[in-house]
> 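Following this message is one structure expressed as structure tokens.
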Protein chains: 2
Amino acid sequence: MTDKPLIAILEDEPGIRRIMSETLEAAGFRTQCFARATEFEAALRHITPDACLVDLGLPDRDGLALVHRLATESGAAIIIVSGRTQVQDRVTGLELGADDYIIKPFEPAELIARLRARLRRPPAQTRADQRNRASFAGWTADFDQYALISPDGAETPMSHAEAEVLRMFLDNPRRLISRAQMLEILGGAGGESFDRAMDVRISRLRSKLGEDPKNPQLIKTIYGAGYIFLAEIGWS
Amino acid sequence: MTDKPLIAILEDEPGIRRIMSETLEAAGFRTQCFARATEFEAALRHITPDACLVDLGLPDRDGLALVHRLATESGAAIIIVSGRTQVQDRVTGLELGADDYIIKPFEPAELIARLRARLRRPPAQTRADQRNRASFAGWTADFDQYALISPDGAETPMSHAEAEVLRMFLDNPRRLISRAQMLEILGGAGGESFDRAMDVRISRLRSKLGEDPKNPQLIKTIYGAGYIFLAEIGWS
DNA sequence: CAAAGCCTGTAAGAATTCGTTAGATTCCTG
DNA sequence: CAGGAATCTAACGAATTCTTACAGGCTTTG
């Protein structure tokens with residue numbers, strides 16, 4: 001974001017609203033204030049704030065419902081600023097999608113710090129991206145076509161079991177995966193000798209990836225601990 | 001996310017550590033606990049937690065410095081769990097890169113809710129290739145590939161146990177390492193004859209490094225005290 | 001419906017890793 | 001230099017993992 005982040009403030013009490021706005025402006029943010037949820041929702045058609053500070057005690061709407069809608073439909077960071085002090089309030093607020101929960105009265109410095117912490121992370125992207133193709137170490141795995149394309153362009157079909165294992169690795173790159181985890185992820189239905197089946201799956205995937213059995217480059221074995229997949233991965 | 005998120009817990013008090021771990025496991029997370037920052041940093045070379053819960057009052061390191069390092073170098077969400085209640089503590093913690101700050105004593109439900117809120121957002125871009133390579137005395141150790149490259153360019157694979165020992169040395173260069181420390185670092189399972197196992201590990205590593213048994217240049221034995229690794233080390 | 005082909009778990013033997021054992025060697029003390 | 005403790009390493013063996021072969025199940029094909 002090249003520009004100052006835009007912060008929407010939803011707060012029905014004018015005094016607090018003014019304080020929040022001034023504090024944030026002084027800290028280098030742009031602000032836009034609303035006293036009612038309906039106003040705010042109308043404005044949302046035209047503006048896309050980077051973060052929303054919402055007071056739960058609004059006169060014209062249930063604040064939590066609004067938070068939930070914001071969380072699911074907008075990418076903005078949502079910070080509840082509320083006078084309700086119960087733990088349960090915080091928990092439900094956060095679980096409905098709020099990113100933080102600040103109790104009134106609050107210290108301006110903490111509000112700023114928490115807001116900055118939220119804005120440091122990239123905004124949530126739309127859930128629409130499919131991400132069914134991954135490339136790594138010259139290979140490309142297409143999970144729609146169940147195909148594996150080698151660095152030299154040759155395309156090999158990939159079986160379901162192989163795809164499952166590969167997907168598990170691609171979802172956890174550079175991370176140790178224990179056998180227990182594999183069993184959990186791949187839904188190993190409690191077969192007692194399932195460990196052997198796992199070995200065979202790995203072995204077959206390795207050979208399909210052209211790995212040297214003596215010295216595999218991509219799928220490393222950690223004796224007694226599990227496996228680790230080593231590659232930079234790009235999804236598309 | 002196809003599998004349970006991995007949460008690292010850095011907390012020196014065993015009671016709290018256990019409570020946190022059990023709470024999180026019950027909520028469907030995988031956890032891994034550490035009592036000291038050094039242990040944690042060593043483990044980070046192998047695991048990639050999705051979030052880190054760190055207590056600021058660690059015995060062996062300044063917690064805030066660790067938070068800052070984590071924030072800049074790892075993509076994990078960072079939540080400080082501290083007994084310090086001052087606003088200023090929270091502000092500096094958050095400004096150094098923490099994503100949230102929870103005050104002890106905390107409600108388990110709130111911890112879970114805040115953790116989930118952090119994990120809902122996609123992780124910051126995973127830090128680009130952090131090559132786990134070190135060079136010393138003409139050798140290069142690649143901890144990703146589990147390979148050891150000799151001064152004349154020959155590449156030898158390195159087993160997990162060997163890599164563990166070598167990494168311990170490379171993390172503590174030119175410093176005496178007692179057997180007790182080795183046991184702690186390498187998670188010795190408390191076997192009575194573990195000392196012998198350690199000897200053998202060292203011996204094997206020495207031979208792989210081409211050390212003259214009569215006069216080792218890199219791994220020196222200090223009779224009755226421990227070992228010391230002598231070399232200039234460059235990480236990359 | 002039979003035959004062929006592919007997928008995938010099971011079994012079995014080979015290969016690897018790594019702790020244990022034990023005898024040899026080195027080091028310190030007196 | 002003797003004696004005991006600490007350390008080294010070769011050899012062994014248990015546990016783990018790899019690969020190949022095989023069989024049952026499912027789908028495709030004639």
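Each chain gets a letter, A, B and so on, in the order the sequences are listed, and its residues count up from 1.
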> What parts of residues 204-214 of chain A reach DNA chain D, counting only heavy atoms under 4.0 Å away?
R206(A), P213(A)
> Please determine if a side-chain N or O atom of R201(B) lies less than 4.0 Å away from the OP1 or OP2 oxygen of dG19(C).
yes
> Does the gap between the ring centers of F229(A) and F136(A) come in under 6.0 Å?
yes
> Regarding R133(A) and the six-membered ring of F143(A), is the cationic atom NZ or CZ under 6.0 Å from the ring centre and inside 45° of its axis?
no
> Rounded to the nearest Å, what distance is computed from the CD1 atom of residue I222(B) to the P atom of nucleotide dC27(C)?
12 Å
> Can F169(B) and I228(B) be said to form a side chain to side chain contact (heavy atoms under 4.5 Å, CB included), step by step?
CA-CA 8 Å; F169(B) 280 127; I228(B) 189 167; over 6 Å; no
> Is the number of heavy atoms from other residues, nucleotides or ligands under 6.0 Å of H160(B) NE2 greater than 12?
yes
> Does a side-chain heavy-atom distance below 4.5 Å link Q145(B) with N215(A)?
no
> dT10(C) P sits how many Å from D195(A) CG, rounded?
11 Å
> Rounded to the Å, how far apart are M182(B) CE and dG19(C) C1'?
14 Å
> Is any side-chain heavy atom of Y101(A) less than 4.5 Å from a side-chain heavy atom of R114(B)?
yes
> Heavy-atom count check: over 12 atoms from other residues, nucleotides or ligands less than 6.0 Å from R179(A) CZ?
yes
> Could you list where the contact with chain B starts and ends along DNA chain D, reading 5' to 3', using a 4.0 Å heavy-atom cut-off?
dA5(D) to dA11(D)
> Does anything in residues 88-97 of chain B pair up under side-chain hydrogen bond (donor to acceptor under 3.5 Å, both in side chains), and if so which pairs, sequence neighbours excluded?
E110(A)-R90(B)
